Amino acid sequence: MSFRGPKGTDDILPPESRRWRELLRSWDLLSEQYGYAYVATPLFESTDLFARGVGEATEVVEKQMYSFEDKAGRNLTLRPEITAGVLRAYIQAGLSGEFKGSYSGPCFRYERPQEGRRRQFWQLGVEYLGANHSEADLEVIELGYRYLLDCGLGEVVVHVNSIGDASDREAYHSRLADWLNERRHLLSDQAQRRIRSNPLRVLDSKADQEVVSEAPKPVDYLGKDGLEHYEQLLAGLTERGIAYRQAPRLVRGLDYYTRTVFEYIPPGYTAAQNAVGGGGRYDGLSRLLDGPELPGVGLALGLDRIISAAGSSPPARALDVFLVVADQNRRSLAHAFARRLRSAGVRCDLVAGYRSVRAQFKAADRRDAAAAVVIGDEWDDGMVTIKDLSSGYEQVIPAGEVAMWVVDGGAVPR
RNA sequence: GUGGCCGUAGCUCAGCUUGGUUAGAGCGCCUGGUUGUGGUCCAGGAGGUCGGGGGUUCGAAUCCCCUCGGUCACCCCA
């Protein structure tokens, strides 16, 4: 036990890794169904991109970045989130107009690990660029919601809020800062410091909930357009049958959000980090990154959190058949047979080298195969013995029918 | 970055309070019973610098100090 994985990282091993693959696959499928095309951006970007995009005053940028200098002295950072990189890619490619991108991959934040919070974690997300209308927000929220339901998370509730656009926020910011200043003595040290740097963020400080529960709310300072956008959003959520709750003090810790912000809260997930995903609108982000005027709305889901919130599900079989070589002279023949089965789409494996028949059956069981197929004397008549490893029932069938047996779902007729 | 709890076999843990033979159990793993039958059963086996370092002592898994790691929470977010 000399080497361990770095602090806050996890190895994804079977059988759990099967669940990971499944969830990644269904994410690709679902986001494609909604018209999002796969995008991949680098795992590291220039440090400035995140400092500017995510916001200098955010927790993420202040202390959670995995930053390093490369051999040419460039300042780079392992991505703490993916939105900034996707925007950068869009701008760099000189794209214009609407763009719908979907992604999945690891992100990195340097923090003390705890349940639901790792230094390397896996995000799934989409970005809908170039769309102003609340229907875009709704589509993104619906996509994430449906995905979480498909994952078996049960009665997920979407917490939503609107924090207004740039002009709404100007009015609100100073009003909130004044209000907080009047109650300065009641606030935690950190909250006091934030009154200047980022008053919005005081709203979701756990330590200051009591004081802050009476504070003016962002929704009460929305302009005409912002209010209309928010009302359309709420009406749309109802219309689409999405369970939601207004969360007037939800602000989220990334500075680029405007108007809509939301989080997905699954039932019965009691970890302190209980949101399995979230997102919002970021109409000013493109300009911040020297891009064109470009509205956008996006969503990020934490795959690690989804999996621990979903609990364990009955694992599917890992293999369809495991070959048991009864006669050692038929080993190369067995390997050839395995190649044929694999080409036919059968998940098939066998041990390497000599093992007793008994040991091979043990291996078949341990590898979680649905059936064992014995290759022995019966091969001379073109036959194999196939045994259903759940029921124990076995029979001799033509070797050519093994693939069909698998397609039929592995049920051996009695 | 701050705080609580925990480090003994691959895993889950007992032993520590009150220092004293060779440090244990269950599960897992390997071999055999059965070189054509697994998941059950029986027999045998491998596997430990008691997280690391220092100290106290005739003697430390056990007491003291330091350190590293894990975990949960704060902060914040996926």
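Values in this document were obtained by computation on a predicted structure and should not be read as measured data. Below, chain A is the first sequence line, B the second, and so on; all start at residue 1.
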Regarding A:Val324, tell me which of base, sugar-phosphate or nothing describes its non-hydrogen contacts under 4.0 Å with the strands shown.
nothing
How about A:Asp165 and A:Thr258: does a side-chain donor come under 3.5 Å of a side-chain acceptor?
no
Return the value, rounded to whole Å, for the distance between atom CD of A:Gln360 and atom C1' of B:G39.
17 Å
Any donor-acceptor pair under 3.5 Å from A:Glu81 side chain to A:Cys107 backbone:
no
Once you round it to whole Å, what is the distance between P of B:G36 and CG of A:Leu323?
17 Å
In this structure, how many angstroms lie between the P atom of B:G38 and the CG atom of A:Asp388, rounded?
16 Å
Separation of atom CD in A:Glu263 from atom C1' in B:A78, rounded to whole Å
10 Å
Among B:G38, B:C30, B:A78, the one nearest any side-chain atom of A:Arg366 is B:C30
Which nucleotide in B:C75, B:G36, B:A78 has an atom nearest any side-chain atom of A:Thr385
B:G36
Would you kindly give the CD-to-P distance between A:Glu81 and B:A78, to the nearest whole Å?
8 Å
Just by distance, with hydrogens left out, do A:Glu127 and A:Tyr90 show a side-chain donor and acceptor under 3.5 Å apart?
no
Taking the same atom, P, in B:A14 and in B:U34, what whole-Å distance lies between them?
41 Å
A:Tyr66 side chain to A:Phe44 backbone, donor-acceptor under 3.5 Å
no
Nearest to the A:Arg117 side chain among B:G38, B:G36, B:A78, which nucleotide is it?
B:A78
Who does B:C76 pair with, Watson-Crick or G-U, both distances under 3.5 Å?
none
Write down the distance separating the C1' atoms in B:G53 and B:G39, rounded off to the nearest Å.
47 Å
Both conditions, 6.0 Å and 45 degrees, for the charged tip of A:Arg18 above the ring of A:Trp20: are they met here?
no
In this structure, how many angstroms lie between the P atom of B:C75 and the CG atom of A:Asp208, rounded?
9 Å
Classify A:Val374 by what it touches in the nucleic acid, base, sugar-phosphate, or nothing, heavy-atom distance under 4.0 Å.
base
Say you pick atom C1' in B:U8 and the same atom in B:G52; how far apart are they, in whole Å?
14 Å
Please work out if A:Gln120 contacts a base, only the sugar-phosphate, or nothing of the nucleic acid, heavy-atom cut-off 4.0 Å.
nothing
Check if the side chain of A:Glu111 and the base of B:A78 share a donor-acceptor pair of N or O atoms closer than 3.5 Å.
yes
Quick check on RNA chain B: between A:Arg305 and A:Gly376, whose nearest nucleotide comes earlier from the 5' end?
A:Gly376
Within residues 277-287 of chain A, residues whose heavy atoms come under 4.0 Å of RNA chain B
A:Gly277, A:Gly278
Separation between the C1' atoms of B:C63 and B:C75, rounded to whole Å:
37 Å
Whole-Å distance between B:C75 P and A:Asn274 CG?
13 Å
Kindly determine whether A:Lys100 and A:Glu139 satisfy salt bridge (Lys or Arg N to Asp or Glu O under 4.0 Å), including the steps that lead there.
CA-CA 11 Å; A:Lys100 297 172 69 169; A:Glu139 178 183 287; 2.8 Å; yes
Would you measure the distance from the P atom in B:U17 across to the matching atom in B:A61 and give it in whole Å?
12 Å
A:Ala309: which residues meet the side chain to side chain contact (heavy atoms under 4.5 Å, CB included) condition with it, sequence neighbours left out?
A:Leu153, A:Pro266, A:Tyr269, A:Val276
Rounded to whole angstrom, note down the C1' distance from B:A9 over to B:A23.
11 Å
Quick one: label A:Leu124 by what it contacts on the DNA or RNA (base, sugar-phosphate, nothing), any heavy atom closer than 4.0 Å.
nothing
So, applying salt bridge (Lys or Arg N to Asp or Glu O under 4.0 Å) with A:Asp10, which one of A:Arg117, A:Arg118, A:Arg119 is it?
A:Arg118
For B:U21 and B:U12, measure between their P atoms and round to the nearest Å.
28 Å
Under-4.0 Å salt bridge between A:Glu142 and A:Arg240:
yes
Is A:Arg358 close enough to B:U37 that one of its side-chain N or O atoms is under 4.0 Å from OP1 or OP2 there?
no
Counting C-beta onward and ignoring hydrogens, is there a side-chain heavy-atom pair between A:Leu187 and A:Ile195 closer than 4.5 Å?
yes
A:Leu389 side-chain proximity, nearest of B:C76, B:A78, B:G38
B:G38
Among B:A78, B:G36, B:G39, the nucleotide that comes nearest once only the side chain of A:Asp365 is considered:
B:G39
Counting only side-chain heavy atoms from C-beta out, which of B:G36, B:U31, B:A78 sits nearest to A:Arg355?
B:U31
Could you check whether A:Asp377 gets within reach of a base, just the sugar-phosphate, or nothing at all, counting any heavy atom under 4.0 Å?
base
Quick check: any donor-acceptor pair below 3.5 Å linking the side-chain of A:Glu59 to the base of B:G1?
no
For A:Ser390, which contact category applies under a 4.0 Å heavy-atom criterion: base, sugar-phosphate, or nothing?
base
Partners meeting side chain to side chain contact (heavy atoms under 4.5 Å, CB included) with A:Ser17 (sequence neighbours left out):
A:Ile12, A:Pro14
Atom pairs and distances, side-chain donor-acceptor, residues 375-382 of chain A, under 3.5 Å, sequence neighbours left out:
| unit_1 | atom_1 | unit_2 | atom_2 | d |
| --- | --- | --- | --- | --- |
| A:Glu378 | OE2 | A:Thr385 | OG1 | 2.4 |
| A:Asp380 | OD1 | A:Arg330 | NH1 | 3.1 |
| A:Asp380 | OD2 | A:Arg330 | NH2 | 3.4 |

Can you sort out the partners of A:Tyr257 under ring pair (Phe, Tyr, Trp, His ring centres under 6.0 Å), two or more places apart, ordered by chain and number?
none
Nucleotide paired to B:U34 in any strand shown, Watson-Crick or G-U, under 3.5 Å
none
Rounded to whole Å, how long is the line connecting atom OH of A:Tyr354 with atom C1' of B:U31?
12 Å
If B:U49 has a Watson-Crick or G-U wobble mate with both distances under 3.5 Å, name it; if not, just say none.
none
Distance check, C1' atoms only: B:G33 and B:C72, in whole angstrom units.
48 Å
Should B:G28 form a Watson-Crick or G-U wobble pair with both distances under 3.5 Å, which nucleotide is its partner?
none
Nucleotides 66-72 of chain B: protein proximity per nucleotide (B base, S sugar-phosphate only, - neither; heavy atom, under 4.0 Å):
----SSB
Would you mind telling me which of B:G36, B:G39, B:C76 lies closest to the side-chain atoms of A:Lys362?
B:G39
